[in-house]
Amino acid sequence: MTGLVLKLGPHERVLINGAVIENGERRSKLAVMTPNANILRLRDAIHPGEVTTPVRRVCYIAQLVLSGDVDAAKARLQLLRGIEQLSQVLTDQDSRVQFALATTAVMEDQYYQALKALRSLLPREERLLAARPG
């Protein structure tokens, strides 16, 4: 995570290596210089009850690594399998790019970047699930 810049709104909370940090009254930027820091914006967090779709499930695994609730080594195979399974369903070029980014990020222990790539697939998944015959 070396060089990651977080832009925080007033009173926005972020989880950094297990510690919840809340921004003050004004917008601010934080530069994270520590490699492999685990960072999760709490506004982006998926709550356990919201893990209701395949993409959300894989995102949640990455999120658990970032929150420190799951060991990265234990989650790696689960994430890679989940990405592979999703890539069998979401076969368009844009999704494939995001899967490649997520896979590379997982292999490099960059779980924030993996989560970011996977979260970009949530709107697509939502549209596909809404369009399916009920």
Side-chain angles (χ1 to χ4, degrees):
M1 289 259 146
T2 301
L4 175 70
V5 175
L6 292 173
K7 296 177 184 176
L8 302 175
H11 303 287
E12 184 173 354
R13 291 180 179 181
V14 64
L15 183 72
I16 300 177
N17 289 341
V20 175
I21 298 177
E22 183 174 320
N23 190 30
E25 298 286 329
R26 297 184 181 157
R27 299 184 66 77
S28 64
K29 285 186 198 179
L30 295 175
V32 180
M33 304 308 291
T34 302
N36 301 319
N38 290 325
I39 297 169
L40 176 64
R41 286 178 179 272
L42 295 184
R43 72 176 183 195
D44 295 336
I46 298 172
H47 300 281
E50 298 170 344
V51 183
T52 56
T53 67
V55 175
R56 284 181 174 274
R57 188 169 31 257
V58 177
C59 286
Y60 190 67
I61 296 166
Q63 180 180 300
L64 288 173
V65 173
L66 292 172
S67 67
D69 292 317
V70 172
D71 180 60
K74 292 180 182 178
R76 176 181 281 154
L77 182 58
Q78 206 174 2
L79 275 168
L80 292 174
R81 280 186 182 152
I83 291 167
E84 178 60 29
Q85 290 170 350
L86 290 172
S87 72
Q88 301 301 311
V89 178
L90 300 174
T91 58
D92 61 281
Q93 185 60 33
D94 290 338
S95 296
R96 291 206 174 275
V97 168
Q98 296 308 313
F99 290 133
L101 290 170
T103 299
T104 300
V106 170
M107 296 304 293
E108 295 175 354
D109 293 325
Q110 299 294 320
Y111 293 95
Y112 181 86
Q113 297 303 329
L115 179 59
K116 183 178 172 184
L118 292 167
R119 285 185 63 81
S120 73
L121 299 169
L122 288 171
R124 177 169 287 123
E125 179 188 50
E126 190 174 314
R127 286 192 302 273
L128 290 171
L129 290 174
R132 73 178 176 182

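These values consider heavy atoms only, across backbone and side chains, with no hydrogens, waters or symmetry-generated copies.
The shortest non-hydrogen separation linking Ala114 to Ala102 is CB-O, 3.9 Å. Contact record, Arg119 with Ile46: NH1-CG1, 3.7 Å, taken as the closest heavy-atom pair. Residues Ser87 and Arg96 approach most closely at O-NH2, 3.7 Å, considering heavy atoms. Nearest approach of Glu22 to His11, heavy atoms of both residues: OE2-ND1, 3.3 Å. Here the closest heavy-atom approach between residue Cys59 and residue Leu115 is recorded as O-CD1, 3.4 Å.
Listed for the Thr103 side chain is a donor-acceptor partner under 3.5 Å among the backbone atoms of Phe99. In terms of modelled atom types and a separation under 3.5 Å, the side chain of Asn23 and the main chain of Gly9 share a donor-acceptor contact. Put simply, the side chain of Asn17 gets close to the backbone of Asn38: a donor and an acceptor are under 3.5 Å apart. Looking only at distances, no side-chain donor or acceptor of Glu125 sits under 3.5 Å from a matching main-chain atom of Thr53.
Placement of Leu30 and Tyr112 within a single hydrophobic cluster is found when ILVMFWY residues are connected by side-chain heavy-atom separations under 4.5 Å, directly or transitively. Under a hydrophobic-cluster definition in which Ile, Leu, Val, Met, Phe, Trp and Tyr are linked whenever side-chain heavy atoms come within less than 4.5 Å, directly or via other members, Leu79 and Met107 are assigned to the same cluster. Cluster annotation: Leu66 is connected to Ile83 through the hydrophobic network of ILVMFWY side chains, with a link wherever side-chain heavy atoms come within less than 4.5 Å. By the rule that hydrophobic residues join a cluster once side-chain heavy atoms approach within less than 4.5 Å of another member, Val51 and Leu86 end up as members of separate clusters. Both Leu80 and Leu121 belong to a single network of hydrophobic side chains, linked directly or stepwise wherever heavy atoms of I, L, V, M, F, W or Y lie under 4.5 Å apart.
With rounding to the nearest 0.5 Å, the separation of NZ in Lys74 from CG in Leu64 is 13.0 Å. Put simply, CG on Leu8 and NZ on Lys29 are 11.5 Å apart, with the number rounded to the nearest 0.5 Å. Taken to the nearest 0.5 Å, the CZ atom of Arg43 stands 4.0 Å off from the CD atom of Glu12. Rounded to the nearest 0.5 Å, atoms CZ (Arg127) and CG (Leu122) are 11.0 Å apart.
Partner of Tyr111 under the side-chain contact (heavy atoms from CB on, under 4.5 Å) criterion, out of Val65, Ile61, Ile39: Val65 alone. Exactly one of Val20, Ile21, Val14 qualifies for a side-chain contact (heavy atoms from CB on, under 4.5 Å) with Leu42. That residue is Val20.
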Does the side-chain contact (heavy atoms from CB on, under 4.5 Å) test come out yes or no for Arg41 and Leu6, once each step is laid out? CA-CA 9 Å; Arg41 286 178 179 272; Leu6 292 173; 4.1 Å; yes
Run the side-chain contact (heavy atoms from CB on, under 4.5 Å) test on Glu84 and Arg81 for me, step by step, so that the C-alpha distance in whole Å, both residues' side-chain angles and the decisive distance to 0.1 Å come before the verdict. CA-CA 5 Å; Glu84 178 60 29; Arg81 280 186 182 152; 5.6 Å; no
Run the side-chain contact (heavy atoms from CB on, under 4.5 Å) check on Gln98 and Leu118 step by step: do they pass? CA-CA 7 Å; Gln98 296 308 313; Leu118 292 167; over 6 Å; no
From CA spacing to verdict: side-chain contact (heavy atoms from CB on, under 4.5 Å), Lys116, Leu101: CA-CA 9 Å; Lys116 183 178 172 184; Leu101 290 170; over 6 Å; no
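Using a 4.5 Å heavy-atom threshold, the side chains of Asp94 and Arg124 count as touching. Using a 4.5 Å heavy-atom cutoff, the side chains of Leu128 and Leu90 are in contact. Side-chain contact check for Arg26 versus Pro10: every heavy-atom pair is 4.5 Å or farther apart.
The local environment of CD in Glu126 is sparse, with at most 12 non-hydrogen atoms from other residues, nucleotides or ligands closer than 6.0 Å.
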